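Inspection log for the structure reproduced underneath, given as structure tokens.
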There are 2 protein chains.
Amino acid sequence: MQEVAEHAGVSIATVSFVVNGTKRVSPQTQAKVEAAMRELGYARNHAASALARGRTDILALLSPALERNLSGTGMEFITRAAERALQRGYKLVLWPFDNQASSVQSLIASRLVAGAVLMEVELHDARVPALRESGLPFSLIGRTLDPTGMAWVDVDFDASIVGTMKDLLGLGHRRIAYVDFVLGDDPEASVFAGAVRARNAYIDTMRSVGGSPVLLRCPETPWDGRHLVSRLLADHPDVTALVVMNEHAAPGIVLGLAAAGVRVPEDMSIISVGTTSMMAAFTDPVLTHTVSPARELSRLGVDAVIDRINDPELPLPQILLPCMRASGESVAPPRS
Amino acid sequence: MQEVAEHAGVSIATVSFVVNGTKRVSPQTQAKVEAAMRELGYARNHAASALARGRTDILALLSPALERNLSGTGMEFITRAAERALQRGYKLVLWPFDNQASSVQSLIASRLVAGAVLMEVELHDARVPALRESGLPFSLIGRTLDPTGMAWVDVDFDASIVGTMKDLLGLGHRRIAYVDFVLGDDPEASVFAGAVRARNAYIDTMRSVGGSPVLLRCPETPWDGRHLVSRLLADHPDVTALVVMNEHAAPGIVLGLAAAGVRVPEDMSIISVGTTSMMAAFTDPVLTHTVSPARELSRLGVDAVIDRINDPELPLPQILLPCMRASGESVAPPRS
DNA sequence: TTGAAAGCGCTAACAC
DNA sequence: GTGTTAGCGCTTTCAA
């Protein structure tokens with residue numbers, strides 16, 4: 001920067017002003033400085049700038065289980081978040097971590113990032129208390145049990161599941177089963193808040209129409225989807241429709257049903273919820289599905305943090321976005 | 001740090017020594033300092049540290065088209081890279097960008113990152129010259145036409161395609177078509193080096209057995225895969241086997257064939273190359289496939305950069321990894 | 001084995 | 001509108 005200043009015949013303060021647009025500078029000087037910068041290929045030193053202003057332009061994307069969600073919706077979240085951050089002049093660092101709370105602590109204390117976006121939020125999320133205490137701006141993609149006083153954007157699973165159930169009930173289905181996912185080996189292990197809310201919405205809806213819920217779960221793979229089918233058919237032969245919140249198992253379920261001679265949608269209706277359309281198109285018939293608003297959620301989540309960095313007094317966005325219904329051919333009235 | 005020093009009754013230099021392990025410190029002082037750090041929840045300021053030592057612990061993952069590859073193998077690359085970087089004490093920032101060369105320039109000049117990993121490398125990649133000039137350590141996942149003097153790790157597409165072709169030829173197939181992908185609207189737009197090499201390996205193999213290559217391509221979606229089928233059957237009715245390098249179209253192709261009454265593998269053999277096993281399991285029959293060594297490639301790519309950061313004189317790793325053959329049920333001898 | 005102090009490159013308050 | 005300058009928090013050389 002010193003060099004640029006000499007080259008342009010001004011002081012380094014002036015260079016700083018034009019680099020940051022912090023202060024009015026006469027057009028002539030501005031031009032001179034810019035020319036000098038171009039000539040010398042100057043770009044401001046990131047660390048020095050961050051140190052001096054006491055703030056960085058880096059955001060952290062905290063995603064505890066980057067291993068999970070090896071495709072589909074998860075990828076969408078990450079790429080959109082990175083894109084949006086860059087659009088707004090921020091960088092996005094990926095922070096997949098093991099030891100939740102303590103790792104967040106040191107991330108915060110190191111002042112590496114100006115804010116954080118949390119994905120895969122749990123009902124009682126260990127990262128949240130640490131973040132709140134620290135005062136670091138953050139937003140949730142998802143929400144904890146009590147998200148009061150935080151910025152969050154989330155899928156409106158309640159409405160989405162209720163809507164999906166209504167569709168099925170409207171067609172005459174009464175025995176509707178629900179399939180979601182387990183992570184790793186321990187079925188009781190960390191549970192995403194969204195999954196819990198969705199499941200509860202299903203249970204409530206079933207109860208409200210006097211039906212009894214049928215809950216199934218399996219790991220997020222097509223193989224597990226296939227295997228699930230025999231269990232389903234054996235234990236619940238009267239089920240006529242499936243609501244599946246398990247992007248990667250859904251195609252497997254269709255294959256499993258076909259192998260068992262169960263036709264979709266004539267004998268069994270299926271709706272895949274919170275998926276990408278691509279995943280829904282891997283089967284024949286194409287799955288009727290609802291699309292998780294991943295792109296918007298990422299954008300809003302990133303925006304929420306950046307806005308709060310710029311003005312901590314801003315109201316906290318708390319936004320619920322519905323899944324979009326997308327057509328498919330896997331739903332029909334039940335065989336009477 | 002000053003506070004920690006006072007708390008422990010030592011100088012800030014000493015604190016720095018224990019934080020970084022840069023110098024021998026007596027066990028007692030060490031213990032005192034560590035206790036003080038814990039008590040005050042100290043973590044070193046990232047920017048200040050980077051500024052003082054003239055180096056950061058951040059790596060950039062340069063992926064021009066994060067939009068593409070919305071799942072499967074692409075996701076694998078990113079998550080594994082982030083994981084590995086963290087394991088080795090580095091952070092990974094995502095750098096999806098538009099304007100290739102210039103964006104790289106400013107990334108370099110800003111000294112934000114200590115090194116870079118390039119994905120989706122093209123034969124003549126605009127990012128590479130900028131990087132070479134700058135002296136910033138970097139590695140390629142993939143390789144340019146002439147990757148001499150650079151660190152790279154790549155899939156051995158030559159061997160993989162040749163192996164795949166041999167399998168098919170060995171079964172008696174002679175009319176083997178090849179399907180790969182187009183990006184966006186312009187079929188001539190930026191081409192990944194790996195795709196070009198793979199295609200050439202196919203062409204060479206066909207020629208070497210006196211066959212004439214049949215090249216097809218479509219966007220990376222199951223819909224496009226379905227549509228491709230009618231073109232294939234109309235234009236090349238005598239084809240008995242398909243080598244598909246298009247992870248997301250492959251399941252669509254199977255569906256399209258089924259719809260056209262072409263049985264897999266009796267009437268048509270299919271091998272999906274460079275895919276994830278999950279994608280290959282979305283169809284019935286499960287696709288015979290080869291798995292892209294994404295995980296290892298990411299690890300090696302990240303390691304290569306970090307090693308060179310630590311010692312620029314280290315020999316340049318230039319590593320070719322084969323795709324792993326994975327079983328499936330979509331290959332059989334041709335109908336005689 | 002420990003401490004003092006000179007920067008690292010930039011920002012921004014203050015003076016002109 | 002532009003320049004001077006005191007830090008930002010840490011690393012590291014040099015001296016003790």
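Side chains are part of it too, since the values below use all heavy atoms of this structure and drop only hydrogens, waters and symmetry mates. Everything numeric in this text was worked out from a predicted model, so none of it was measured. Note on naming: letters A, B, ... go to the chains in the order of the sequence lines (proteins, then strands), and numbering restarts at 1 for each one.
Comparing Arg53(B) and Ser26(B) by the nucleotide of DNA chain C whose heavy atom lies nearest to each, the residue mapping closer to the 5' end is Ser26(B). Between Ile12(A) and Thr29(A), the residue whose closest nucleotide on DNA chain D is further toward the 5' end is Thr29(A).
Just one residue in the list Ile309(B), Val302(B), Asp303(B) forms a side-chain contact (heavy atoms from CB on, under 4.5 Å) with Val305(B), and that residue is Ile309(B).
Phosphate contact (OP1/OP2 of dT11(C), side-chain N/O of Asn20(A), threshold under 4.0 Å): present. Between dT11(D) and Arg44(B), a contact under 4.0 Å exists linking OP1 or OP2 to a side-chain N or O.
Ile78(B) places a side-chain heavy atom less than 4.5 Å from the side chain of Leu94(A). No side-chain heavy atom of Leu136(B) sits under 4.5 Å from any side-chain heavy atom of Leu107(B).
Closest approach to the Thr22(A) side chain among dA12(C), dC8(C), dT2(D) is made by dA12(C) (side chain taken as heavy atoms from C-beta onward). For Ser16(B), the side-chain atoms get nearest to dT12(D) when compared with the rest of dG9(D), dA4(C), dT12(D). Among the nucleotides dT4(D), dC10(D), dA5(C), the one closest to the side chain of Ala13(A) is dT4(D). Candidate nucleotides dG3(D), dC10(C), dG7(C) were compared by shortest atom distance to the side chain of Ala52(B), and dG7(C) ranks first. When distances run from any side-chain atom of Phe17(A) to the nucleotides dG9(C), dG3(D), dC10(D), the shortest one goes to dG3(D). Among the nucleotides dA12(C), dT1(C), dG9(D), the one closest to the side chain of Arg24(B) is dT1(C). The side chain of Ser49(B) sits closest to dC10(D) out of dG9(C), dT11(C), dC10(D).
What separates CG of Asn45(A) from C1' of dG9(C) is a distance of 6 Å, to the nearest Å. Taking atom CE on Met37(B) and atom P on dC10(D), their separation rounds to 11 Å, with Å as the unit. Straight-line distance from the CG atom of Leu51(A) to the C1' atom of dA12(C): 13 Å, rounded to whole Å. For the pair Met1(A) CE and dA12(C) P, the computed distance is 11 Å after rounding to whole Å. Between the P atom of dC10(C) and the CG atom of Leu112(B) lies a distance of 13 Å, rounded to the nearest Å. Following rounding to the nearest Å, His46(A) (NE2) and dG9(C) (C1') show an atom-to-atom distance of 13 Å. What separates CZ of Arg111(A) from C1' of dC10(D) is a distance of 16 Å, to the nearest Å.
Ion pairing between a basic and an acidic side chain is recognised when a charged N comes within 4.0 Å of a carboxylate O; Asp307(B) and Arg88(B) show such pairing. Between Arg299(A) and Glu296(A) there is no salt bridge, since none of the side-chain N atoms of the basic residue sits less than 4.0 Å from a carboxylate O of the acidic one.
Within 6.0 Å of CD in Gln87(B) there are more than 12 heavy atoms belonging to other residues, nucleotides or ligands.
Computed from C1' positions of five pairs at each end, the angle between the two local axes of the helix from dT1(C)-dA16(D) to dC16(C)-dG1(D) equals 30°, rounded to 10 degrees.
When atom types are taken as modelled, the side chain of Arg308(B) and the backbone of Pro312(B) share a donor-acceptor pair closer than 3.5 angstrom.
Using a 4.0 Å heavy-atom distance criterion, Val19(B) is classed as making no nucleic acid contact. Residue contacts shown for Val10(A) are limited to sugar-phosphate atoms, with no base heavy atom under 4.0 Å away.
Counting atom types as modelled, Lys23(B) pairs no side-chain N or O with a base atom of dT12(D) as donor and acceptor under 3.5 Å.
Of the inter-residue distances, the one linking Phe138(B) atom CZ with Leu62(B) atom CG reads 10.0 Å to the nearest 0.5 angstrom.
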